[in-house]
> 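Below is one structure. I have some questions about it.
Numbers restart at 1 for each chain; the letters A, B, ... are given by sequence-line order, proteins then strands.
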Amino acid sequence: MAEEESRLIAERRRKLGLVRASGRSAYPYRFGDVVATGTVAAAARALEPGADDVGQTFSVAGRLGAIRQHGKSAFLDLNDRDGSIQLFARVDELGEAGYQSMLDELDPGDIVGAVGHPVRTKRGEPSLRVKHIELLAKALRPPPEKWHGLQDEEARIRRRHVDLFASSESRARFRARSLLTAGLRTFLTEAGFLEVETGVLSPVASGAAARPFVTRSHYLDDELRLRVALELQLKRLLVGGLERVFELGPVFRNEDLDSTHTPEFTMMECYWAYADYLDMRGLVERLYGRLAEVAAAALPDVPAAQAAAEVFRAPFDVVDYVETLERRMGVDHLLEKPIEELRTLARATGAPITGDAPAAKCFDKLFDRHVEPTLIRPTFVMDYPTVTSPLAKAHRSRPGRIERFELFYRGFELGNAYSELNDPEEQRRRFLEQAGDDPDTNFAYDEEFVEALEHGMPPAAGLGIGVDRMAMALTGATSIKDVVLFPPARRRT
RNA sequence: GGGCCCGUAGCUCAGCCCGGUAGAGCAGGCGGCUCUUAACCGCAAGAUCAGGGGUUCGAAUCCCCUCGGGCCCGCCA
C-alpha cells in the first residue's frame, strides 16, 4: 500500500517539477484580488445559458475538485470557503502551450488561482471562463474519492483537514459551531457580561465530581491538575466585584469517550450578581432562541437545525424535578425515602448502585432513566433535591430542595443553573459532606474558595452550558466527535 | 473496564458464512473527444488482504494473540 501511495505522490512530484522547470514559482506568495466563488456564480447566473460577459473580470482561488477533460476544452471544479465554481478552460483562449501545461501540471486537490470572466454554459452552469490559471500550492497527496469522501470515522478524525475539504457537510457543521460560539459571546456581551479567561492549571481541581488530569510543573516542583469546571474561579471574580462574567473555554475530565462525552470539552459558564435562578431561566430562554436561529440560518439543509429553530421559542416547558420523577416512577414522597430504599429503586432501573452509594447518585440515576428520555421539547426541570448539588443555594420556600434548573432537549442536558450558594459556613459544610478521601475521584474540597466566600460574594445566579452538546443539538450531530475538530485519538502505531 | 462488530489498492466498496491463492468504481498513467458536471470511450498499471502466530496440501476466508477504530454497557454530567 505504501508503494502505491508513493507512486501517486511521485507522479504529483513529477508534475511539480514541470512547473519549476518552466521557471514559474511552484509556491507563489499571493494571488491578487480574489473574490469568493459565489460572487462569480451570481454574476454568471444573471446571464442567459451559453452567454458570457467579457466586461467583467474576476480572480478566484481554491482547491481543485474534479477535472473533466474534453479534448480541446476542460471543466475544472474549484472549491473555496464560499462554495464552488466551475472553471471553463479552452485551448483557443489559453493557447496550445498554456492549455497543455495546465492539464499536464494540475491534479484534483491542488490549490489554484484563476482569472477570467463570468460565463454560463449551454447547460446553464455558472462558470468562469479562464484566461489565466496558475498553481498556488501543489497537493502531493491525492484527495479522497470525489463522491464518497472520507467515510472511515477514524480517518475523518485523524485527518480532519482532509475531512473538511472533502466534505461540505463537515465544513458547514464546523462553521455553524463557530457561529454559535460567536453568537453566545455576542449575546452575553450585549447583556452586560464580561468575558474572562481564568487558569487551566491549579493544585486543586474542584467545582464538579470528576477525575482530573494530573500534570507536573517544573517551576513549582509540584503536581498540578487541569480544571474540571470554571465555577469556583468565576465566583471569586464575583467576590472581586466583576458582577457579570462569563468564560468560554476547555475543561478536562479524565474519563472515556462516547457519543456525548469527550475528555477535553468546551464549557461556558456565566455568573450574574444580584440575580437568581429565575432571572437566569429567562436569559437561557432568550439565549437558546437566538442560538437556534443562528444554527438554522447557517444550516438551511439540515432538518434538525430547522426543527430546533421552530421549537426553541419562548416560553419553554417548565416541570418540577420531584413531581415529574414521582409521576414517571409511580411513587410518592420520594424525598422522605430512606437511603436504602432510594438505592433499591435506583438499582431497579438497572444502574449499578453499590451499598454505600450516596442519595445524589440514586437521584441522578433515577432521573436519568425515568425522566430524561421523555424530555423532548425544550424543558426546564426545576428545583432539584438538595443532595444533588453542593454549590447551590437552598430553595427559599421548599425544604429539601435547591434553587436549580436544568434545560433538556431531545433527552439530553443543554444547561444547568442555580441560585449560587454564597454562605461560606454552609458552603464549607456541604463541601465536607461531599468530599471523600480521594481528591481525584470525589468533589474536591477547595479551602481557598471558601475563604473567598468569607470576604462576601453577592447573591448571584450561575449557568453552565456544555458548548459541544449545545452545538450537537442545534446542528443535528449525533456524535460529539462531529462537533469537535480534533477529538483525542490514540497514538498512531 | 466488559460485550458485540469492523480493518482488503491513495479513496469508496465486493469477496469471508461454505478455504483453492484478490475484484470493481473513483483517483493516477497512456490514447481519443471544444458545453462537461459522479462526463464519456479505449488500453495498460496499481494490494506484504492492519500486524504476528496457529490449523491445513493450501488461509483475505477458520482459530488465537496484538494494534487501531465503531456501537452498546460501565465510568462520567
> Between B:G52 and B:G28, how far is it from one P atom to the other, in whole Å?
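These two P atoms come out 32 Å apart once rounded.
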> Mind checking if A:F412 touches a base, just sugar-phosphate, or nothing, with heavy atoms under 4.0 Å?
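Nothing: the residue A:F412, judged by heavy atoms under 4.0 Å, touches no strand.
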> Is a side-chain donor-acceptor pair under 3.5 Å present for A:T37 with A:D80?
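Checked: A:D80/A:T37 side chains pair up, N/O donor to acceptor below 3.5 Å.
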> Under 4.0 Å, counting only non-hydrogen atoms across every strand here, what does A:D92 touch: a base, just sugar-phosphate, or nothing?
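Here A:D92 touches the bases of the nucleic acid.
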> Please state the P separation for the pair B:C18 and B:U8 - nearest whole angstrom.
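Per the computed distance, 23 Å lies between those P atoms.
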> Mapping A:M267 and A:S479 to their closest nucleotides on RNA chain B, which lands nearer the 5' end?
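It is A:S479, whose closest nucleotide lies nearer the 5' terminus.
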> Could you tell me whether A:Q86 contacts a base, only the sugar-phosphate backbone, or nothing, with contacts defined as non-hydrogen atoms closer than 4.0 Å?
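The answer is base, as A:Q86 lies within the cut-off (heavy atoms under 4.0 Å) of a base atom.
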> So what does A:R369 hit on the nucleic acid, given a heavy-atom distance under 4.0 Å: a base, only sugar-phosphate, or nothing?
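Since only primed, P, OP1 and OP2 atoms lie under 4.0 Å of A:R369, the category is sugar-phosphate.
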> Under 4.0 Å between any heavy atoms, over every strand shown, what does A:A66 touch: base, sugar-phosphate, or nothing? Just pick one.
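It contacts sugar-phosphate atoms only.
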> Over all strands shown, is A:E154 touching base, sugar-phosphate only, or nothing at heavy-atom distances under 4.0 angstrom?
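Sugar-phosphate, no base atom in range.
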> Under 4.0 Å, counting only non-hydrogen atoms across every strand here, what does A:G466 touch: a base, just sugar-phosphate, or nothing?
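Nothing: the residue A:G466, judged by heavy atoms under 4.0 Å, touches no strand.
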> Measure from the side-chain heavy atoms of A:P108 and tell me the nearest of B:C35, B:G25, B:A27.
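Comparing B:C35, B:G25, B:A27 against the side chain of A:P108, the answer is B:A27.
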> Please classify the nucleic acid contact of A:D152 as base, sugar-phosphate, or nothing, using heavy-atom distances under 4.0 Å.
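The answer is sugar-phosphate, as A:D152 gets under 4.0 Å only of primed atoms, P, OP1 or OP2.
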> Would you measure the distance from the P atom in B:C64 across to the matching atom in B:C17 and give it in whole Å?
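Here B:C64 and B:C17 have their P atoms 15 Å from each other.
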> Quick one: is B:U34 close enough that its OP1 or OP2 comes under 4.0 Å of any side-chain N or O from A:K122?
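No, because none of the side-chain N or O atoms of A:K122 sits under 4.0 Å from OP1 or OP2 of B:U34.
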> Take atom C1' in B:C67 and the same atom in B:A50, then report the distance between them in whole Å.
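These two C1' atoms come out 8 Å apart once rounded.
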> Step by step, work out the side-chain contact (heavy atoms from CB on, under 4.5 Å) result for A:V318 and A:T379.
CA-CA 6 Å; A:V318 178; A:T379 305; over 6 Å; no
> Please pick, from B:U34, B:C75, B:U36, the nucleotide with the shortest atom-to-atom distance to any side-chain atom of A:R211.
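Within the option list, the nearest is B:C75.
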> Base, sugar-phosphate, or nothing: which does A:E93 touch, judged by heavy atoms less than 4.0 Å apart?
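The residue A:E93 makes no contact with any strand.
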> Would you say the side-chain atoms of A:Y384 and A:D364 include a donor-acceptor pair closer than 3.5 Å?
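Side chains of A:Y384 and A:D364: no pair found under 3.5 Å.
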> Report yes if a side-chain nitrogen or oxygen of A:K361 is closer than 4.0 Å to either non-bridging phosphate oxygen (OP1 or OP2) of B:C76; otherwise report no.
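Yes, within the criterion.
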> Check whether any side-chain nitrogen or oxygen of A:R7 sits under 4.0 Å from OP1 or OP2 of B:A45, and answer yes or no.
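Checking A:R7 against B:A45: no side-chain N or O falls below 4.0 Å of OP1 or OP2.
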> Using a cut-off of 4.0 Å on non-hydrogen atoms, how would the nucleic acid contact of A:R123 be classed: base, sugar-phosphate, or nothing?
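Touches a base.
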> Select base, sugar-phosphate, or nothing to describe what A:D258 touches, counting heavy atoms under 4.0 Å on all strands.
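Touches a base.
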> Regarding A:Q69, tell me which of base, sugar-phosphate or nothing describes its non-hydrogen contacts under 4.0 Å with the strands shown.
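It contacts base atoms.
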> Tabulate protein N/O versus nucleotide N/O from nucleotides 4-6 of chain B, keeping only pairs under 3.5 Å, one per line.
none

> Does the side chain of A:S22 come under 3.5 Å of the side chain of A:R24 through a donor N or O and an acceptor N or O?
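Yes, because at least one side-chain N or O of A:S22 sits under 3.5 Å from a partner of the opposite role on A:R24.
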> If the C1' atom of B:G23 is compared with that of B:A45, how far apart are they to the nearest Å?
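About 15 Å, rounded to a whole number of Å.
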> For B:C4, give its Watson-Crick or G-U wobble partner with both distances under 3.5 Å, or none.
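By the stated definition (distances under 3.5 Å), B:G70 pairs with B:C4.
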> OP1, OP2 of B:G69 versus side-chain N and O of A:R158: anything below 4.0 Å?
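A:R158 to B:G69 OP1/OP2: side-chain N or O found under 4.0 Å.
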> Answer yes or no: does a side-chain N or O of A:H70 lie under 4.0 Å from OP1 or OP2 of B:C35?
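For B:C35, OP1 or OP2 has a side-chain N or O of A:H70 closer than 4.0 Å.
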> Cut-off 3.5 Å, side chains only: do A:H148 and A:E145 have a donor facing an acceptor?
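Yes, A:E145 and A:H148 have a side-chain donor paired with an acceptor closer than 3.5 Å.
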> Please answer whether the main-chain N or O of A:L334 pairs with a side-chain N or O of A:E326 as donor and acceptor at a distance below 3.5 Å.
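At least one qualifying donor-acceptor pair exists.
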> Distance between the P atoms of B:C65 and B:G19, in whole angstroms?
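Approximately 23 Å lies between the P atom of B:C65 and that of B:G19.
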> Under 3.5 Å for both donor-acceptor distances, Watson-Crick or wobble: does B:G42 have a partner, and if so which one?
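When the pairing criteria are applied, B:C30 turns out to be the nucleotide that pairs with B:G42.
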> Could you go through A:L180 and A:T475, starting from their C-alpha distance and side-chain angles, then the distance that decides it, and tell me whether this counts as side-chain contact (heavy atoms from CB on, under 4.5 Å)?
CA-CA 10 Å; A:L180 284 169; A:T475 65; 4.2 Å; yes
> So does A:K365 get a side-chain nitrogen or oxygen closer than 4.0 Å to the phosphate oxygens (OP1/OP2) of B:C75?
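Indeed, a polar side-chain atom of A:K365 lies that close.
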> Could you measure between the two P atoms, the one in B:G51 and the one in B:A59, and give it in whole Å?
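Result for the P pair: 15 Å, nearest Å.
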> Can you tell me how far apart OG1 (A:T324) and NE2 (A:H370) are? Round to the nearest 0.5 Å.
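That separation rounds to 13.0 Å.
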> Considering only the C1' atoms, how many Å lie between B:A60 and B:A47, rounded to the nearest integer?
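Between the two C1' atoms, the distance is 11 Å.
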> Can you work out whether A:L106 or A:K72 has the more 5'-proximal nearest nucleotide on RNA chain B?
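Result: A:L106.
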> Under 4.0 Å, counting only non-hydrogen atoms across every strand here, what does A:E125 touch: a base, just sugar-phosphate, or nothing?
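Result for A:E125 = base.
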